[in-house]
Amino acid sequence: MAWRRTILGLSGLAMGLLGTGATLNYFEEALPTTLNPLFAETMVDSRAQELVFDRLWYRDAITNELQSRVVKTHQVAEAGRAIKITLKEGITWHDGSSMTSKDLCFTVKSMLNRGTPSVVAAAYQEFVAGCETQGPSVALVRFRKVLPKPRERLGFHILPASQFSSTAISPDMEFSARPTGTGAYKGARTRREVIFDAQSNTHHSPSLMQLQLREGGDPLLQIRTLEGGEVQGIVVVPPGSRADLRASDEVTLKSYDLRSWWFIAVNTKNPALQDKRVRQALNLLIDRTELREYTIGVKPGDRNSPCEFISGPFVSVSPYYNRTIPTVPTANRAKADALLKAAGLTRIGGRWHLGEQPITLKIGMLANLNNEATDLLEQVGNQLGDAGFDRQTSKVSADEWSQEVVSGQSDFDLVIGKWSFGLVEAVGDLFHTNGRKNIFGYTDAGVDEFLNAYEDAVTDTEQKDAYHKLHARLADELPYLFLWKLDTKSAWRTEVRGNIITPYFYFTEIDSWKVVEN
Amino acid sequence: MLPLMVPAIITGLIWALPGDPASLICPPSRCSGTQALAERWNLDAGPFQFFVGWLRDALALNFGRSWSAFQGMDVGNLLAEAIPVSLMLVGLASLWIFTGVFGAATGWIHRRLDPLLQTSGMIPVLVLALVGAAIVDLTYGFGSSGQEGQMARIIIGSAVLGLADGAFAGAVAGTRGLFSSESRQRYVGVAILRGERELANTLPNVTPALVGQLRARLLHLLSGAVVVEVMLKINGIGDLLWAGTLEQDFGLVLGTATLFAVGSALLLVLQAMCEVAVALHVRRSPGVQAA
Amino acid sequence: MMRAAWRGPALLLGFVAGFGGCGSPKDVAGPRASEAVIDAALLAKAWPVRLSSDAERAPFEADPGWTHIFERRYPLALMEFNRSGNAAGRARVHQELAAVYRQGALIAANATHHVYGADRAPTDPLALQYIVGVSRAMRGDAAAAQVALAEATLVPAVAAQAAAWSTWLEGGHIWPPDRAWLEARTGPMGPVDPTTQPLLMAMPHHQLEERTAQGATVDANDPTALLALSEWHLAAARKAAGKGAADLPLLMNTWRLPVESAVTGSLGAGADAWLFGRGALCPEDLSFLADVDASGPGAVSAWADRSPLAAALAPAWDGSKLNHEKVLDQSVLLMRQAQVAMVQATGGEAGFHRPFALFVRLGVLRAGMQVADKAGQYRDAGILRLEALERMEGGKGSVQRDPAFALSVAAWDAGNRSPLRPEDILHNLVTDFPALAAARTPLEALHLRLNRHAAPSTPVH
Amino acid sequence: MNRRTWLILALGCLGLLFSGAWMAPEHLSAMDLRLSLAGPDLVWPFGADVKGRPLREYALQGAEVVALPAITAGLVVALAGVFGGLLRCVGTESVDATIQGLGEVMGALPRMVVVLVVALVIPRDSRSLMPMALAWAVLAAPGAMDEAASVAERLGGSRFVEALRAHGYSATRIYLVHVVGFNLRPVVVRQGAETLMQVVFLEIALSYLALMEGRPSFTHPDSSRSWADLLQLGYKSLFPSLRYDSEHALWLGLSLLGLVGLMTVSIGRMARAR
C-alpha cells in the first residue's frame with residue numbers, strides 16, 4: 001500500500017507542479033454550516049459534501065444508471081435481509097490511509113448509534129440493522145426487513161473510522177470543518193470561504209486543481225463579478241438576473257433539477273389563527289400573482305414562467321400533487337371578509353379585531369430568500385395590511401431559523417420559507433405532530449392519519465392516494481399557505497466545460513469539470 | 001482581574017439565555033438529541049463546573065472549538081490566525097498615532113494645521129470604514145476575500161483606524177497640550193537660558209502623562225479595530241468576536257473576549273513599566289551638556 | 001432589440017416578442033468575428049442564412065401562420081393557414097403534431113415497460129400486462145410483448161384488445177399498424193381533414209384495481225391512443241402536402257418508434273416549408289441524418305462536403321469516435337459564423353438573427369447526438385441531447401422550443417428510468433397537447449415506484 | 001459666523017430631523033415597477049428605489065429611527081460631563097478615582113461588541129436604536145466626564161468655588177451659572193453633539209452590516225428603512241461596471257449625513273465660549 005500511496009502522492013504533486021489543473025471560483029448562497037454529511041441542514045451543505053465524500057451508490061447524472069465508485073461487487077444475502085458488499089481496492093482517504101470494510105461498517109454503526117444526534121442517520125435507522133466486516137474489503141450490511149432493491153436505498157456517504165474515537169459522532173468535531181473523505185476534493189472551511197483541493201485517487205481523477213466556494217451576497221455584484229470573469233460560476237441565479245445572463249455569450253445558464261416550493265407557515269397556536277376559517281381567509285387575501293410580479297418579476301401571462309403556483313406541499317409536476325385542488329392565484333377580499341366574520345372577527349376602523357383586541361401578525365422570512373424574491377416579506381405584509389391586519393415584519397437569520405423557527409420555538413404568527421427535495425418528497429417531518437421540522441408544532445389527527453397511511457402503505461399507489469388526501473386536507477386546514485415552486489438555475493462561464501450538474505447533489509460528476517481558454 | 005472577570009461574565013450569560021445551551025451547538029432541526037453534546041462540553045453540570053473546566057483548558061492554551069459560527073474549527077487556531085492580522089492592523093494604525101505624537105512634540109506638525117486636523121478628526125470610523133469596504137469590494141470583486149484583498153483591507157483599515165474618530169488629531173493636540181503646558185514651567189525657561197534644549201528637559205517630565213495618553217489611544221484603536229475589521233471583513237480578532245457574538249457561539253466568544261481583556265491588561269502593565277523606567281531615569285538626574 | 005427588429009415586418013416583431021421578451025438592446029448579443037467552421041458556400045445553403053434576406057423571407061412573412069409555427073403554437077398556426085389556404089403550412093403543422101404524439105407514445109411505452117414490466121409488483125393489476133405488451137411492441141421487443149399480452153388475455157376487461165394486438169404482431173406486419181386498425185382499438189377520431197384536429201379519447205383509458213386488501217385504483221392509459229393520434233396527423237399531413245407527401249417518411253425518420261425501420265432519401269421541391277424553424281438547415285442535412293440512422297456514424301465523412309451539419313461534425317469525428325466536447329464547441333462556432341453571414345447578407349444586425357442562429361447551434365448538437373448514439377457513445381449522446389434541450393430553452397418564451405425534440409428527450413429519460421425531467425417536460429407541454437396526459441400516467445407511476453425504493457432524505461432549506 | 005447664526009443653523013437641522021421623524025410613514029408606499037430607480041424629475045423630490053417607491057419615505061423613516069435615540073444619547077453624555085465637572089469642583093478625590101477606574105474599564109471594552117450584545121439581548125418585537133444609543137452613551141460618558149473634569153481643574157476646581165463663595169455667591173449660582181453655564185457649557189455641549197452624531201453613524205453602520213450580511217436589522221423593524229438603505233442602494237452607482245442608475249439615492253444619503261455633520265458642528269459652535 002505504501003508504494004501506491006507514494007505514487008499517488010507524487011502524481012498529485014506532479015499535477016500541482018505542471019499546473020495542468022485550474023482553479024474554479026464560484027459563489028454559493030451561503031457558506032456551508034457543516035461539511036459532515038451526517039449533519040447536512042441546507043442545500044449548500046449537501047452540495048459541498050458531495051465534493052468531499054463518496055456515496056455508497058449514486059445515480060449517473062446523464063444516464064441515471066445506478067453506480068458506485070467504491071463498490072466492486074455486491075450480492076443480496078440472507079434472503080433479501082442483507083447485502084454483501086465488496087469494496088474496490090486501492091481507494092485511499094484524503095489522509096493517505098486505505099478505505100476498508102471497517103470504514104463502511106463504522107459509518108453504518110455511527111448512524112445506528114443513538115449517541116450520534118443526526119437527523120440524516122435517523123432516516124437510515126428505520127431500515128438498516130447493522131454491519132459486519134468479513135475481511136478487509138468485504139462487509140455485510142443487514143436490514144430490518146427485506147429490501148427489494150437494497151442498493152437504491154444505500155445512498156449514504158462513507159466516513160473514515162480512523163478520524164473518530166467512537167461511533168458517537170457529533171457536529172462540533174473538527175471533522176465538520178476539515179473532513180477527510182474519499183471524494184475528488186479535500187475540503188477545508190476557513191473564515192470566509194471553503195477551499196477544495198484536488199485529491200488524486202484510483203476512483204477519482206479531477207481536472208480542476210482547486211475549487212473555492214464563497215458566499216455570494218448582493219446578486220447584482222455576483223452577476224457583474226461573473227460577467228467580469230473574476231468568478232466562474234453562481235450556483236443559484238435569482239430569476240430577476242437571468243435575462244441578463246441569458247443574453248450573454250460569455251455565460252451559460254444551466255438547469256439545476258431541485259424540487260423547491262415556497263410557503264407561509266401559519267402559527268395555529270395563535271388564538272386568532274386557531275380557527276381554520278381565518279387561515280383560509282389569509283390564503284384568499286394573498287394575491288400571489290401580484291406577489292410573483294413584484295418580487296420575482298414574472299409578468300402575468302409570461303410563457304414558461306420559472307415560478308408556478310401550488311396548492312399543496314408538493315411541486316405541481318409531482319405525482320403526489322393533487323391536481324383536483326385548485327391554486328389561489330389572486331385575492332378574493334369579499335370571500336375572505338365573509339370567512340373572517342364567520343370566525344368571529346370584527347372589523348373596527350378598518351382593522352380586524354379578535355374580541356376587543358386588534359390583530360397584529362408577526363411575520364418572519366428566512367433572510368436569504370430575499371435574494372431570490374426581493375421584498376417578498378414586505379409585499380406579503382403590505383397585502384395583509386391592506387386587508388386590515390396590523391403587522392410586524394422581520395427577517396430571520398439562518399442561525400435563528402435553525403435554532404428557533406424550524407424547531408418550533410419561534411413566536412412568529414407567519415413564517416415565509418422554502419423547502420427543497422430530491423426524488424423523495426416525504427413531508428412527514430413538516431406536518432406530523434412528531435415531525436422534526438414542524439415549524440409551529442402543528443397537530444391535526446387527520447393529517448397524522450394520512451402521513452401514517454403513507455408510511456404504512458403496501459403499494460406505491462396507496463402512498464400516492466395517501467398524499468393526495470393529505471394535500472386536500474392541508475389545502476383545507478392550511479397550516480401553511482402554499483405559494484409557488486421556483487425553478488433553480490445556475491450560471492457558469494463558457495470556459496467551464498464538462499460541467500454536468502447532477503439533480504439535487506450538483507457536484508457528483510465533478511471529475512469531468514474543467515476550465516479551458518475560449 | 002479583567003482576564004478572569006470577562007469569561008466569568010460570559011459564562012453567566014450562557015446560563016442567563018433561555019433554552020438549552022447545547023442546542024446552540026446543534027439545533028433540533030439538525031440534531032435529534034443534545035445530551036451527549038452537553039456532557040462533552042460540561043454544559044450538563046452548571047455554570048461553575050463549566051467555567052472552571054474552560055479556565056483549566058484555557059491555561060493549557062486549549063480554547064476548545066467553535067460552537068456554531070465556524071463549527072468544528074479550533075478556537076486556538078482561529079485566534080492564532082487572527083492575532084497577527086489584528087496586530088498588523090492596530091500596529092499600522094498606531095504608526096499614525098506615533099507620527100502625530102512625534103510631529104507634535106518636535107513641532108514638525110505646525111500649529112496652523114490643528115483646525116484642519118480637528119475637523120478631519122470628526123469623521124467617525126464607521127463612515128470611513130463604510131467607504132473603505134465599498135472600495136475594496138468593488139475593486140477586488142471575488143478576490144476581495146482572498147489574500148490580496150485581505151492585505152488591501154488591512155491597509156485601508158489601518159488608515160481608517162488611524163485617522164477617524166480624531167485618533168491622529170487627538171494624538172497631535174494631546175501631545176502639543178502636554179508639551180506646551182510643561183514648557184511654561186520655570187525650570188524649562190532656566191534650562192533654555194543655560195543653553196539646554198527644551199525637549200531634553202520637558203520630555204522626562206511629560207513622559208508618564210504621554211505614556212498614559214498613548215495607552216488610552218492604543219486602547220481606543222483596539223476597540224475601534226472591531227468596527228474596522230467587521231466593516232472591512234478583515235480576518236482579525238475583532239471580527240471573530242463579532243461573528244461569535246452574532247451567532248451566540250460562546251466557544252468562540254469566551255476565547256476572543258478574554259484575549260481582548262488580556263490585551264488591555266497588558267497595556268496597563270506596559271504603562272506601569274514605562275512610568276517606573278522614567279522615574280528611575282529622572283532619579284539618575286542625567287547631566288545635560290552645556291552649549 | 002425592438003429597435004433592431006423594427007426593420008422587419010410584423011412577423012419579425014412576432015419572432016422577437018416570442019423569443020426575446022427581454023426587451024432591452026443588450027439582449028441581442030451581437031455576432032463575434034470568428035474563424036470559419038465550415039465552408040461559407042455550404043453555410044449559405046442553411047435556411048437561417050438564406051432567409052435572412054428580406055426577399056427570401058417574404059413568403060413566410062406574408063402568412064402569420066409561420067410566426068405561430070416558429071413559436072410552436074400549432075392550433076393558431078392551423079387557424080391562420082386555413083384562413084390563407086396555405087396547404088404547405090397545414091402539412092407542416094400536422095407533420096409536427098404527428099412527431100409530438102409519436103414521441104408521447106414512446107414516453108408512455110418506456111415508462112410502462114419499466115414500472116409494470118421490469119419493476120412489476122405482485123400487487124399490480126394483471127390487466128396492466130396489456131399496456132406492457134403494447135409498450136414492449138412499440139419498443140421493438142415482440143417476443144416479450146407476446147408474453148405480456150398472453151397474460152392480459154386472461155383479464156376480460158382487456159382480453160379483446162390484447163388478443164387483437166397479439167394477432168397483429170403475429171401477422172408480421174410492417175410498422176406502424178394501419179390507422180383504421182388503430183382507431184378500432186382506441187375509438188373513432190373523426191375523418192382525416194387537414195383543416196381540423198382529431199377527436200380525443202377520454203382518459204383514463206382504464207381504471208384497474210390493485211391486488212391488495214385495500215384494492216387501490218390504478219389509472220392506466222393505452223399508448224395505442226397516442227400512436228393513433230400520430231397516424232391521424234400523418235394522414236392529414238399527407239392529404240395537405242399533396243405531392244410533398246413523399247417527403248414525410250424522411251421528415252418523420254427522426255421521430256420514429258424504435259420498432260420502425262429507418263428510411264433514407266432526400267426532400268423534394270419546396271423544402272423550405274419543411275425546414276423553416278428546424279435544426280436541419282438544408283435538405284442535405286435531413287438526408288445526412290437519415291443516412292446516419294441507416295448506415296451509421298461513418299456518414300459524417302460521406303456528407304461533409306454537402307451537409308453543413310456533417311461538415312460541422314467532421315472535425316469531431318475521428319473515424320471511430322465522436323469527440324462530444326468538440327461538438328459542443330463547433331455548435332457555438334457555427335452559430336457565430338451563421339450570425340456573421342446573416343449580418344453580411346442583410347448589411348446589419350437584426351433582432352431575428354440570434355433566434356435564427358440558435359437553430360444552427362441546436363442542429364449541430366442534435367446531429368452530434370444522433371452520430372454519438374450510432375457510434376455506441378450512449379453517455380456522450382446523452383450529454384449532447386441534454387445540452388440541446390438546455391439551449392432550446394434559450395430565450396424567455398422559448399420560441400426555439402421544439403416539443404417533439406423535448407418529448408424525445410423525455411422518452412430517452414423514461415427509458416433510463418429517470419422520471420423527474422420528463423415530468424417537467426410533459427407538465428410544460430400538456431396544456432398545449434392534452435392528449436399527452438396519456439404518457440404522464442405511466443411516468444408518474446414510475447416515479448412513485450422509484451421513490452418507494454430510493455435512499456431516504458429529509459427536506460432542507 | 002457669530003453664535004446666533006450657528007444657533008439658527010442648529011435649530012434648523014434639529015427641526016428638519018424631528019419634523020422628518022414626525023412625518024415618517026409606518027410602511028413604505030406600494031411598489032410601482034414602472035418607476036424603478038426613477039429620478040427626482042419623475043418622483044419628486046428625491047426619486048424612487050428599484051421597486052418605484054419614493055426615497056422621500058426612506059429619508060423620513062431613517063430620521064424616525066435615529067432622531068430620539070441620538071438626541072437622548074447626546075443629552076446623557078452632556079449630563080455626564082456636567083456631573084464629572086461638578087464633582088471635580090466639589091473636590092472628592094475618591095469619586096475622581098472611581099470615575100477614572102470606570103473610564104479604564106469602559107475604555108477596555110470594544111464598543112461595537114457591547115452594542116451588539118445589547119442588540120441581541122433586546123427582544124425582536126421591541127427592536128429599536130434607543131437601547132444601543134444609551135449603551136453607546138454610557139460607554140462615552142467616562143471620557144466626557146474626564147474632559148469636563150479637566151476643564152474644571154484648569155478653572156481651579158474647588159479653589160474656584162471657594163473664591164466665588166467668598167464673593168458671596170449662592171451655591172446654585174456658582175455651580176449652575178458659573179461652573180456649568182460659563183465654563184463647562186462649551187465642552188459638554190460639544191461632547192453631547194458628537195455623541196449624537198456618533199449614534200446616527202452607529203445606526204447606519206449596524207444597518208449597513210445587516211443589509212450586507214442579509215440579516216434582520218439590529219436597530220429598527222424590517223418594515224422600515226434606515227439611511228443605510230439609501231447608501232447601500234446608491235453606492236453601486238459609483239461603479240459604471242454595475243450599470244446601476246441609483247446616484248440619486250447616494251446623493252440623498254450623503255446629504256443626510258452632511259446634515260447631521262452640520263448639526264453637530266453648529267451645536268458645538270453655538271455653545272462655544274465668548
Side-chain angles (χ1 to χ4, degrees), chain A residues 40-43 45-46 60 62-65 119-120 123-124 126 148-149 152-156 243-244 246-249 254-255 257 302-304 316-319 366 401 406 417-427 429-430 436-437 458-465 494 497-498 500 503, chain C residues 18 20-24 26-29 32 119 121 123-124 210 212-214 216-218 325 328 332 336 378-379 382-383 386 390-391 393-398 401 413 416-421 423-424 426-428 443-445 447-461:
Chain A
E41 190 182 11
T42 67
M43 284 311 302
D45 297 347
S46 306
D60 183 290
I62 303 295
T63 63
N64 196 46
E65 195 183 339
V119 171
V120 176
Y124 280 94
E126 289 169 15
K149 293 178 182 289
E152 298 188 10
R153 302 296 298 272
L154 301 177
F156 57 81
D244 269 9
R246 214 174 254 129
S248 164
D249 277 350
K254 293 185 82 83
S255 298
D257 292 333
D302 267 356
R303 209 175 167 198
N304 287 29
S316 37
V317 299
S318 165
L366 180 59
W401 181 266
V406 179
K418 173 176 93 168
W419 290 121
S420 297
F421 301 79
L423 178 72
V424 177
E425 296 173 85
V427 293
D429 271 347
L430 308 182
R436 294 189 193 93
K437 298 182 179 182
V458 177
T459 69
D460 32 21
T461 313
E462 289 174 13
Q463 282 193 318
K464 181 190 75 177
D465 293 345
T494 50
R497 304 290 174 83
I500 297 162
Chain C
C22 314
S24 69
K26 67 172 181 289
D27 295 342
V28 180
R32 288 226 222 114
D119 288 6
T123 55
D124 290 341
E210 281 187 327
T212 58
Q214 202 181 89
T217 305
V218 178
E325 290 181 354
L328 292 169
V332 176
R336 287 180 185 158
Y378 188 72
R379 195 171 188 277
I383 291 170
L386 296 180
E390 193 87 64
R391 295 307 121 232
E393 296 191 43
K396 205 168 162 190
S398 296
R401 185 209 273 172
D413 271 325
N416 292 333
R417 304 168 57 87
S418 171
L420 297 187
R421 190 168 27 234
E423 280 173 359
D424 287 332
L426 273 178
H427 182 75
N428 285 334
L443 200 57
E444 292 190 339
H447 182 153
L448 296 171
R449 197 147 288 186
L450 291 173
N451 172 64
R452 195 164 167 74
H453 301 301
S457 72
T458 57
V460 292
H461 58 84

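In what follows, chains are A, B, ... by sequence order, proteins preceding strands, each numbered from 1.
- When side chains are defined from C-beta on, A:Phe421 does not count as touching C:Ser457, because their heavy atoms never get closer than 4.5 Å.
- Side-chain N or O atoms of C:Asn416 include none that pairs as donor or acceptor with a backbone N or O of A:Asn64 at under 3.5 Å.
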(Q) Between A:Ile500 and C:Arg379, does the side chain to side chain contact (heavy atoms under 4.5 Å, CB included) criterion hold? Intermediate values first, please. (A) CA-CA 12 Å; A:Ile500 297 162; C:Arg379 195 171 188 277; 4.1 Å; yes
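- The contact between C:Leu420 and chain A is made by backbone and side chain atoms together, counting heavy-atom distances below 4.5 Å.
- The shortest heavy-atom contact between C:His447 and A:Leu423 is NE2-O, 3.4 Å.
- Both the backbone and the side chain of A:Ile62 come within less than 4.5 Å of a heavy atom of chain C.
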| request: Could you please spell out the steps behind the side chain to side chain contact (heavy atoms under 4.5 Å, CB included) verdict for C:Thr458 and A:Lys437? | output: CA-CA 9 Å; C:Thr458 57; A:Lys437 298 182 179 182; 3.9 Å; yes
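- Here the straight-line distance linking atom CD of A:Gln463 with atom CZ of C:Arg452 works out to 4.5 Å at 0.5 Å rounding.
- Heavy-atom distances place both the backbone and the side chain of A:Val424 under 4.5 Å from chain C.
- Of the two parts of A:Lys418, only the backbone, made up of N, CA, C and O, holds a non-hydrogen atom closer than 4.5 Å to a non-hydrogen atom of chain C.
- What you find for C:Glu444 and A:Val317 is that their closest heavy atoms are OE2-O, 4.1 Å.
- Residue A:Asp60 touches chain C through its side chain alone, counting heavy-atom pairs closer than 4.5 Å.
- Closest approach of A:Asp249 to C:Arg336, counting heavy atoms only: O-NH2, 3.9 Å.
- Taking chain C as the reference chain and counting heavy-atom pairs below 4.5 Å, the highest number among A:Ser318, A:Ala123, A:Ser420 is found for A:Ser420.
- Of all the listed residues (C:Ile383, C:Leu426, C:Val218), the one sharing the greatest number of non-hydrogen pairs under 4.5 Å with chain A is C:Ile383.
- Annotation: maximal heavy-atom pairing with chain A below 4.5 Å, among C:Leu328, C:Asp424, C:Leu386, C:Thr123, occurs at C:Asp424.
- For chain C, the nearby parts of A:Glu425 are the backbone and the side chain; heavy atoms of each come within less than 4.5 Å.
- Both the backbone and the side chain of C:Ser418 come within contact range of chain A, judged by heavy atoms closer than 4.5 Å.
- Using modelled atom types and a 3.5 Å distance limit, the side chains of C:Glu390 and A:Ser255 yield a donor-acceptor pair.
- Contact annotation for C:Ala454: both backbone and side-chain heavy atoms come within less than 4.5 Å of a heavy atom of chain A.
- Residues C:His461 and A:Glu41 have side chains in contact (heavy-atom distance under 4.5 Å, counting atoms from C-beta outward).
- Side chains of C:Gln214 and A:Val458 form no contact here, defined as non-hydrogen atoms less than 4.5 Å apart.
- Looking at C:Asp119, the atoms closer than 4.5 Å to chain A (heavy atoms on both sides) all sit in the side chain, from C-beta outward.
- Looking at A:Lys464, its side chain never comes within 3.5 Å of a backbone N or O of C:Leu448 through a donor-acceptor pair.
- When heavy atoms are compared at a cutoff of 4.5 Å, C:Glu423 approaches chain A by way of both its backbone and its side chain.
- Taking both residues in full, the closest heavy atoms of C:Thr217 and A:Thr461 are given as O-CG2, 3.5 Å, listed atom of the first, atom of the second, then distance.
- Both the backbone and the side chain of A:Ser316 have a heavy atom closer than 4.5 Å to some heavy atom of chain C.
- With a threshold of 4.5 angstrom between heavy atoms, C:Leu443 does not approach chain A through any atom at all.
- Although no hydrogens or angles enter the test, the distance criterion places no donor-acceptor pair under 3.5 Å between the side chain of A:Arg153 and the main chain of C:Ala455.
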